[in-house]
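A quick write-up on the structure given underneath.
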Amino acid sequence: MTSAHHILQHVFGYDAFRGQQQQIIDTLVAGGDALVIMPTGGGKSLCYQIPALVRQGCGVVISPLIALMQDQVDALKAAGVKAGFLNSSLSMDQANEVERQLLSGELELLYVAPERLIQPRCLGLLQRAEVSLFAIDEAHCVSQWGHDFRADYLQLSLLHEQFPHVPRVALTATADERTRVEIAQRLNLQQAAHFLGGFDRPNIQYRIQLKDKPRQQLLQFLRDEQAGQAGVIYCLSRNKVEKTAEWLCSEGFNALPYHAGLPAELRQHHQQRFLREDGIIMVATIAFGMGIDKPDVRFVAHLDLPKSVEAYYQETGRAGRDGEPATALLLYGLEDVVKLGQMAASSEGNEQFKRLERQRLDAMLGLCEITSCRRQTLLRYFGETLEQPCGNCDCCLQPPVTWDGSEAARKLLSCVYRTGQRFGANHVVDVLRGSTNEKVMQFKHDQLSTYGIGRDLSVNEWRAVVRQLVARAYLQVDPDAYGALRLTDRCRPILRGEESIQLRKVIPKAGSLTPRSRSVEIDEQDVPLWNALRACRKRLAEEFGVPPYVVFHDATLREMVQQRPLSEGTLLKISGVGDSKLERFGDAFLEVIRNHEYPA
Ligand code: ADP
Ligand code: ZN
C-alpha cells in the first residue's frame, strides 16, 4: 500500500497536507465515514482522491456537475491517475468502455452523476466492482432549504444500505449549522467523523463599496487592478447580465454572459472558454459557479447585493483557489435591499422561510455597513474568531471615517414617524431636505415639523444614514409596501436622546487600495520568462486539449520564475510538479528556462 504522503508528493506534486486533509484522509483510509465542511479552495478534492488511490478498488465520486466531469478527469489523467466518468454526455460505446474498465479493476476514480448512480443498472454494476469509497461532492444539494437542492441526492442514503462496508465521505463548502445537520441526517452520517475546516481565506481581499457610479467603479477596478485577469462578475438579473457583458465587450474586455435563460450549449460553450482561455471575464447570475474549480480566478465582483452572508462567502470563495492574492469587490446600494426584500417576500416559502430570508439579508447588510474588519465579522458569522483585524480588507486598509450621527438619526426617525411610516427613503429624504416636489406637496408634508430640518446633509449623505439605520435594525424596509420605512423598537433610546450612534462617512472611494490586491505580480525583469512559461503552458494545453491550469497552476509557474530549475530533480521540487507531469511536460518547461538562462 502506497502511503498517502507519497501520493501527495509524487502524484500531485505537493509537499505537505493543508489544514485537516491528513486527518480526513486517514479516517477514510482506515475505512471510516466523514463529513467535511471546508471553504471553497480549501482542498476538498484531495481528501477523497488520495484515499481512493491508497485503498484497493475504485473510488466513486458523486457530483451534480456533469459539465465539469471531463475537466476533472482530464486533470487527474494529467497527474497520472486512471480516472473516468459516467454521465449522459457519453455515447453507449464510451459508457460501455468505462464500465469494462471499472469491472476489470483498471479504474482508480470514477465520477458519476447522481441521477445515473441511483439507477438499478448502475448500482448493480457497482455491486460487481470493487468500490474503495464513495465521495458525495456538493453534499449541500441534499438540503431542501438551499437553492441547490437536487431530488436525486435524497436517494443517496441507499449507499449506506447497499454498501455498508464502503466508507463514505460527504463534502461541501456550505457552512451553516442547519445545512450540516440536514446533510448528516439525510445521508446517514451522524456517526461519521465531522471535520469543520477553518473558514478563513487569507488571500482574498474583501472590499465592499457603495454604489456611486457602478459602471465607472467597475471599470476603474478592472483597468487599474485586473487587466488581463480572469474573473466573475455577479448580477442579480439575467437582463443585467447581458447588458453588462455587452457593455464590457464594447469597452474592450473579453466578457461573456452566463445565466439559466441561455441555451444549454451556449452556456456550456461560455463555461469552456472561461476555463480554457486566459483572462476571460464571466458576467453571470448565481447559476454560474458551483463546482467551477478554476484555480486562477483573480477576482469576483458583485454588482448587486448577495442575499445572504453564506451566498456572499461561497461566491467570493471562487476567487483565488490557488492561494495567490485575489480580490472580492461588492458594490451595493439601498435599492438592493428593497429589491431583495421584495423578492424574499414574494417567494414561495412559508412564513418561517421568509423570516429566515429576511434575517439573512439583514446580516448581509450588516456586513456591508460595519466600520471594523470585514474578515473578523465574516468569520464570526461562521463561528470562528479572528483575534486581530486582518489587514487585508477595505476597512483595515482604509479605515472608514465615522461621525456622530445621533442628531441626524433622530431627525430621520422622527421624519419617518411623522410621515406615517408609509414612505420609502426617497420621499423621507425629500421631506427632510425641504423639497417642493409634487409628492411632498400632495401629501402636505411641507406642513410637518420635520420638513426641511435636514438641509445640512446631501441626498447621498441622507441615503447613507438610512442604510446604516436599516443595517443596524433601527429601521425596517417593508417589502410589501414598496420599501416603506418603519421604525423598530430599538429606536426609542435614540429618539429620547439616551443613545448616541456613530455612522460611517460617505467618501466616494477610488483607485486600488494596496499592492497586495495586485495579484500575480511578477518583477519587471522576470516578465519575459513569465510570459514564455505561460506561452509554453498554453501550447501544451492546446496540444493535450485541456485547460491551461491542468498543465500547471500560476503558482507553479511563479515558483519556476523564482527558482529557475535547470534539471528534472530541481523541477520536481517545485510545488505542483508530480511524477506524471514531470514526464509529460518537464522537458518543455526546462527548455524554456534554459533558453532564458543561457540564450543562444
Ligand atoms: P475545493 O474543492 O475545496 O474548493 P480544491 O480541491 O479544488 O478545493 O483545491 C483547491 C486548490 O488547492 C487546488 O488547486 C489544489 O490543487 C490545491 N491544493 C489542495 N491541497 C493542496 C496541498 N496540500 N498543497 C498545495 N496545494 C493544494
Ligand atoms: Zn480586515
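All ligand and atom numbering here is 1-based and tracks the order in the structure. As a basis for the values below, the full set of heavy atoms in this structure was taken, side chains included, without hydrogen atoms, waters or symmetry mates.
Scanning the protein heavy atoms around atom 15 (C) of ligand 1, the nearest turns out to be Y14 OH, 3.7 Å. G41 O, 3.7 Å is the protein heavy atom nearest to atom 10 (C) of ligand 1. The nearest protein atom to atom 8 (O) of ligand 1, hydrogens excluded, is given as G43 N, 3.2 Å; this is a heavy-atom distance.
Proximity of H553 to ligand 1 is established by a heavy-atom distance of less than 4.0 Å. Under the 4.0 angstrom criterion for non-hydrogen atoms, L46 is in contact with ligand 1. In this structure, P39 is part of the shell of residues with a heavy atom less than 4.0 angstrom from ligand 1.
Contact annotation: C393 places an N, O or S atom under 2.8 Å from the Zn ion (ligand 2).
Each of the following atoms of ligand 1 lies closer than 4.0 Å to a heavy atom of R321: 1 (P), 2 (O), 4 (O), 7 (O), 8 (O), 10 (C), 11 (C), 12 (O).
Between D322 and ligand 1, not a single N/O pair is under 3.5 Å apart.
When non-hydrogen atoms are compared, ligand 1 lies under 4.0 Å from the backbone of A16 (N, CA, C, O) but not from its side chain. Under 4.0 angstrom from ligand 1, the non-hydrogen atoms of Q21 all belong to its side chain.
In this structure a side-chain-to-backbone donor-acceptor pair under 3.5 Å is missing from R375 to D200.
Between K294 and D296 there is a salt bridge, since at least one side-chain N of the basic residue sits less than 4.0 Å from a carboxylate O of the acidic one. R564 and D526 are joined by a salt bridge, as a carboxylate oxygen and a charged side-chain nitrogen come within less than 4.0 angstrom of each other. The pair R276-D71 meets the salt-bridge criterion, with a side-chain N (NZ, NE, NH1 or NH2) lying under 4.0 Å from an Asp/Glu carboxylate O. Here E138 does not pair with R150 in a salt bridge; the nearest charged N to carboxylate O distance is not below 4.0 Å. The existence of a salt bridge linking R472 and E369 is excluded, since no basic side-chain nitrogen approaches an acidic carboxylate oxygen closer than 4.0 Å.
Nearest heavy-atom pair across F85 and V98 is O-CG2, 3.8 Å.
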